[in-house]
Number of protein chains: 2
Amino acid sequence: MAIFSRTCEYAIRAVLYIAHQSTPSQKIGIKEIAAGIDSPELYLAKILQNLSKKGIINSTKGPHGGFYIQEDSLRKPLSEIVEAIDGEGLFRGCALGLSQCSELNPCPLHDQFKSIRTQIHQVLSQTTIGEFNQELVEGILSLRK
Amino acid sequence: MAIFSRTCEYAIRAVLYIAHQSTPSQKIGIKEIAAGIDSPELYLAKILQNLSKKGIINSTKGPHGGFYIQEDSLRKPLSEIVEAIDGEGLFRGCALGLSQCSELNPCPLHDQFKSIRTQIHQVLSQTTIGEFNQELVEGILSLRK
DNA sequence: TAAATAAAAGATATTCTTGTCCTTTAAATA
DNA sequence: TATTTAAAGGACAAGAATATCTTTTATTTA
């Protein structure tokens with residue numbers, strides 16, 4: 001199993017792609033996004049609808065419409081995308097799936113995973129949607145399969 | 001999404017339960033294991049069959065048969081269970097699902113997740129199946145929902 | 001050796017995730 | 001204002017994960 005669901009992988013890649021390829025005056029269409037990140041177009045459309053409802057990205061219909069991201073959303077952390085799609089399972093909850101697991105009633109892996117979860121959460125909440133734009137433009141980073 | 005698949009959660013809990021509840025001369029049946037870790041009995045049976053084939057646990061059929069674990073398997077790391085069930089996705093591969101992601105062609109999260117993966121792998125490969133027996137016996141740790 | 005026991009194995013069912021299709025709505029522009 | 005464009009929305013389909021059921025095999029013991 002991977003760290004993120006496939007849906008969440010698509011979501012993160014798409015948001016980063018939108019962040020560096022579009023502005024509110026130059027929107028980008030679903031076709032181009034899907035091609036840009038190697039994802040199934042119609043499935044990605046559903047994912048972006050979801051992210052749009054949650055205010056992480058924006059969209060407009062009609063000619064010259066498409067997806068874009070507001071300036072201030074570029075400062076949002078990636079953890080918002082992950083929580084919107086995969087929930088908080090990576091950050092909270094018991095690694096062994098025990099609902100009763102807690103400090104007082106810990107599962108065997110409780111302490112070890114507390115630190116791992118913290119680190120995952122830190123990375124995702126300190127990394128912003130916009131911070132890769134320069135490297136993406138320069139081709140140092142890749143979003144395609 | 002959680003860190004492990006549900007199947008893997010059952011697997012780890014079951015193996016730890018077997019480790020502390022049974023010996024090669026005192027085997028434990030699937031009914032009791034499933035009750036002991038709150039999991040669906042028949043599904044757990046499939047999982048244990050799988051782990052048994054892979055040599056992580058042992059079993060014998062017939063009266064007084066059941067599952068048990070060999071002395072030396074108690075020293076095996078939990079990573080063996082995780083790899084047997086969920087594969088190596090947690091330890092290797094790109095967080096964003098990009099097959100081309102590498103040191104030379106990194107995805108945006110490459111470096112951050114390299115360290116997270118390493119930590120997950122370390123915890124799971126340094127933690128052994130047998131090391132919780134004492135705490136489980138004493139009731140300090142829990143395996144039930 | 002026959003009967004009883006318990007896991008293995010194979011088949012099927014259910015649920016969730018992923019992916020596709022078709023119609024509707026909103027926006028731009030001719 | 002009619003037409004075109006592109007996303008939104010609803011319904012459906014395929015696949016994978018999870019769960020259950022039934023039959024078979026191996027082992028013990030009466």
Side-chain angles (χ1 to χ4, degrees), chain A residues 1-15 18 21-22 24-35 37-69 84-87 89 97 145, chain B residues 1-15 18 22 24-35 37-69 82 84-87 89 97 145:
Chain A
M1 224 179 56
I3 291 182
F4 302 124
S5 70
R6 184 179 293 233
T7 304
C8 192
E9 291 174 354
Y10 291 154
I12 297 173
R13 275 151 61 198
V15 170
I18 295 169
Q21 288 284 356
S22 78
S25 58
Q26 268 295 111
K27 306 176 182 63
I28 182 169
I30 184 70
K31 264 190 179 22
E32 193 183 334
I33 302 170
I37 68 163
D38 272 317
S39 75
E41 178 188 328
L42 295 167
Y43 187 54
L44 183 62
K46 294 294 184 195
I47 300 170
L48 295 189
Q49 273 171 40
N50 182 7
L51 294 176
S52 181
K53 270 189 217 157
K54 291 182 176 150
I56 295 172
I57 59 175
N58 298 90
S59 69
T60 59
K61 299 176 175 178
H64 299 112
F67 296 91
Y68 64 100
I69 198 161
I85 306 283
D86 280 348
K145 279 188 192 155
Chain B
M1 223 181 56
I3 292 182
F4 301 124
S5 70
R6 183 179 294 229
T7 304
C8 193
E9 291 174 354
Y10 292 154
I12 296 173
R13 275 150 62 197
V15 171
I18 295 169
S22 77
S25 59
Q26 267 295 112
K27 307 175 182 63
I28 182 169
I30 184 69
K31 265 191 178 21
E32 192 183 334
I33 302 170
I37 68 164
D38 272 317
S39 76
E41 177 187 330
L42 293 166
Y43 187 56
L44 184 63
K46 292 295 184 195
I47 299 170
L48 295 188
Q49 272 170 42
N50 181 7
L51 294 175
S52 180
K53 271 188 213 157
K54 291 182 175 149
I56 295 171
I57 58 175
N58 300 88
S59 69
T60 59
K61 297 177 176 179
H64 298 112
F67 295 91
Y68 63 100
I69 199 161
V82 174
I85 308 283
D86 281 348
K145 276 188 194 159

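Keep in mind it's a predicted model, so treat the numbers as computed, not measured. In what follows, every heavy atom counts, from backbone to side chain, and hydrogens, waters and symmetry copies are set aside. Lettering of chains follows the sequences in order, A, B, ..., and the numbering in each one begins at 1.
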Exercise. Is the shortest side-chain N/O distance from B:Thr7 to OP1 or OP2 of D:dT18 below 4.0 Å?
Worked result: yes

Problem set entry | OP1 or OP2 of C:dC16 under 4.0 Å from side-chain N/O of B:Arg6 | no

Exercise. Are side-chain heavy atoms of B:Thr7 and B:Lys46 found at a separation under 4.5 Å?
Worked result: no

Seminar exercise, completed: Scanning both residues in full, the closest heavy-atom pair of A:Phe4 with A:Asp86 reads CA-OD2, 3.6 Å

For this session: Identify the two heavy atoms, one from A:Met1 and one from B:Ile3, that lie closest to each other, and give their separation to 0.1 Å.
Result: CE-O, 3.1 Å

Could you tell me the separation between the [atom1] atom of [X] and the [atom2] atom of [N], rounded to a whole number of Å?
X	N	atom1	atom2	value
B:Met1	C:dC16	CE	P	16 Å
B:Glu9	D:dA19	CD	P	10 Å
A:Lys27	C:dA26	NZ	C1'	13 Å
B:Ile28	C:dT5	CD1	P	19 Å
B:Tyr68	C:dA6	OH	C1'	14 Å
B:Ile30	D:dA19	CD1	P	13 Å
A:Glu32	D:dA7	CD	P	11 Å
B:Asp38	D:dA19	CG	C1'	16 Å

Could you tabulate the donor-acceptor pairs under 3.5 Å formed by side-chain atoms of residues 47-66 of chain A, not counting sequence neighbours?
| from | atom 1 | to | atom 2 | distance (Å) |
| --- | --- | --- | --- | --- |
| A:Asn50 | OD1 | A:Lys54 | NZ | 3.2 |
| A:Lys54 | NZ | A:Ala84 | O | 3.1 |

All N/O contacts under 3.5 Å from nucleotides 20-22 of chain C to the protein, with atom names and distances to one decimal?
none

For this session: Scan residues 48-67 of chain A against DNA chain D and write down, sorted by residue number, each residue with any heavy atom closer than 4.0 Å; if none is found, say none.
Result: A:Gln49, A:Ser52, A:Lys53, A:Ser59, A:Thr60, A:Lys61, A:Gly62, A:Pro63, A:Gly66, A:Phe67

